[in-house]
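Let me begin by presenting the structure, written as structure tokens, before commenting on it.
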Amino acid sequence: LYPFFLHDLSQNGERLSHVSDAPIVFSIFGVLLVAIAVADVRGGRMDAKHVALLGVLSGVNAVLRLPGALAGASLMFILPILCGYAFGPRFGFLLGASSMAASGAITGGIGPWLPFQMWALGWVGGGAGIVKTLTRGKIPLVALALYGWVAGIAFGVIINLWFWPFLRGASDVSWTPGAPAGTAAVHYWRFYALTSLAWDSARALVNVILLLSIGRPLLRVLIRFGDRFTVSWAPPTDPLGSSMDA
């Protein structure tokens, strides 16, 4: 949200936006991801099996980026959403962020935009876990399909902010230094509606179609894995105790 509150910013064009600070953001974000995983392991929220699953799914989701985007649609959103719902928001966030980083390395998509894509896809996965909390596990596919639509639009809204303040162009759709937050929001909405809304709507529609068509069997498999990963410890009992007392 920084474009809506800054009063001055060098207008260097999209090509030079975040060239100097993106590597720093990427490095800090990478350290934080490792710290989150370590904290989850030490806190008992994750074990070796969850870490291994996270690594495998991150690789799988990174490969799903290879087919490319068709009118904004991408296969990378489904696994973070389903895993965030099945394993919780922290796991979904880690999967979204780490798989986006891996996909950048695989496809050559490493640039100043990558840390912001990692944040955004991480939020997509984490938000699915919050959906489960809000719906209390009821009608998961309908809730996830609706969330997939919202996430498809929200991802584009967030990502555009990484370069929008650096663009030159018409003042009524561009960022203007010193403009109030409300004026900046109106300008950004005009820019988004003209350049990205149709593109992101295609992504949102494909998310809904995929979640409704293949979401149920995938979610069933993930939940089954989650149940097998959960171990409950209880004090030992004497199976003959009740009969002996009787």
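All values reported here derive from a predicted model rather than from experimental measurement.
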Just how far is it from atom [atom1] of [X] to atom [atom2] of [Y], taken to the nearest 0.5 Å?
{"X": "Leu146", "Y": "Leu212", "atom1": "CG", "atom2": "CG", "answer": "10.5 Å"}
{"X": "Trp162", "Y": "Gln117", "atom1": "CH2", "atom2": "CD", "answer": "8.5 Å"}
{"X": "Leu66", "Y": "Met76", "atom1": "CG", "atom2": "CE", "answer": "9.5 Å"}
{"X": "Leu54", "Y": "Phe87", "atom1": "CG", "atom2": "CZ", "answer": "10.0 Å"}
{"X": "Tyr85", "Y": "Leu222", "atom1": "OH", "atom2": "CG", "answer": "12.0 Å"}
{"X": "Ile153", "Y": "Tyr192", "atom1": "CD1", "atom2": "OH", "answer": "4.5 Å"}

### Query
How would you list, by chain and number, every residue that makes a side chain to side chain contact (heavy atoms under 4.5 Å, CB included) with Leu205, sequence neighbours excluded?
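By the side chain to side chain contact (heavy atoms under 4.5 Å, CB included) rule, Leu205 matches Trp149, Ile209.
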
Where is the tightest heavy-atom contact between [X] and [Y], given as atom of each residue plus distance?
{"X": "Arg203", "Y": "Asp200", "answer": "NH1-OD1, 2.9 Å"}
{"X": "Ile223", "Y": "Ala86", "answer": "CG1-CB, 4.1 Å"}
{"X": "Ile81", "Y": "Gly148", "answer": "CD1-CA, 4.1 Å"}
{"X": "Val173", "Y": "Phe191", "answer": "O-CB, 3.3 Å"}
{"X": "Leu197", "Y": "Ser201", "answer": "O-OG, 2.7 Å"}
{"X": "Ala101", "Y": "Leu114", "answer": "CA-CD1, 4.4 Å"}

### Task
Please step through side chain to side chain donor-acceptor pair (under 3.5 Å) for the pair Ser58 and Ser98, ending with a clear verdict.
CA-CA 6 Å; Ser58 295; Ser98 59; 2.8 Å; yes

When hydrophobic residues are tied together by side-chain contacts of less than 4.5 Å, even through go-betweens, does [X] share a cluster with [Y]?
{"X": "Val150", "Y": "Leu141", "answer": "no"}
{"X": "Val56", "Y": "Val34", "answer": "no"}
{"X": "Met118", "Y": "Val31", "answer": "no"}
{"X": "Val38", "Y": "Leu95", "answer": "no"}
{"X": "Leu32", "Y": "Val124", "answer": "no"}

### Task
For residues Phe155 and Phe77, establish whether the separation of their ring centroids is below 6.0 Å.
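Yes.
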
### Query
Counting N and O atoms only, with roles assigned by atom type, does the side chain of Asp40 sit under 3.5 Å from a partner on the main chain of Arg45, one being a donor and the other an acceptor?
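Flag not set: sc Asp40 to bb Arg45 has no pair under 3.5 Å.
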
### Message
Closer than 3.5 angstrom, by distance alone: can the side chain of His187 be matched with the main-chain N or O of Ser174 as a donor-acceptor pair?
### Response
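Yes; judged by distance alone, with no hydrogens or angles, the pair exists.
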
Answer whether the closest heavy-atom distance between the side chains of [X] and [Y] falls below 4.5 Å.
{"X": "Leu210", "Y": "Leu75", "result": "yes"}
{"X": "Ile24", "Y": "Ile28", "result": "yes"}
{"X": "Tyr147", "Y": "Asn207", "result": "no"}
{"X": "Ser99", "Y": "Leu57", "result": "no"}
{"X": "Leu53", "Y": "Phe91", "result": "yes"}
{"X": "Ile78", "Y": "Leu82", "result": "yes"}
{"X": "Arg90", "Y": "Met46", "result": "no"}
{"X": "Pro140", "Y": "Lys132", "result": "no"}

### Task
Determine, step by step, whether Asp47 and Val41 satisfy the side-chain contact (heavy atoms from CB on, under 4.5 Å) criterion, reporting the C-alpha distance in whole Å, the side-chain angles of both residues, the deciding distance to 0.1 Å, and the verdict.
CA-CA 6 Å; Asp47 56 19; Val41 172; over 6 Å; no

### Task
Return yes when atom CZ of Phe26 has more than 12 non-hydrogen atoms of other residues, nucleotides or ligands closer than 6.0 Å, and no otherwise.
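No, CZ of Phe26 has 12 or fewer neighbouring heavy atoms, counting only those of other groups under 6.0 Å.
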
### Task
Check the surroundings of atom CZ in Arg190: do more than 12 heavy atoms from other residues, nucleotides or ligands lie under 6.0 Å from it?
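Counting other residues, nucleotides and ligands, CZ of Arg190 exceeds 12 neighbours.
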
### Task
List the steps, then state whether side-chain contact (heavy atoms from CB on, under 4.5 Å) holds for Ile106 with Arg65.
CA-CA 9 Å; Ile106 293 175; Arg65 189 178 182 180; over 6 Å; no

### Option among Phe116, Trp189, Tyr188 that satisfies the ring pair (Phe, Tyr, Trp, His ring centres under 6.0 Å) test with Trp164
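Running ring pair (Phe, Tyr, Trp, His ring centres under 6.0 Å) over Phe116, Trp189, Tyr188 with Trp164 returns exactly one hit, Tyr188.
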
### Task
Show the numbers, then the answer: is there a ring pair (Phe, Tyr, Trp, His ring centres under 6.0 Å) between Trp119 and Phe29?
CA-CA 9 Å; Trp119 277 110; Phe29 192 24; 4.0 Å; yes

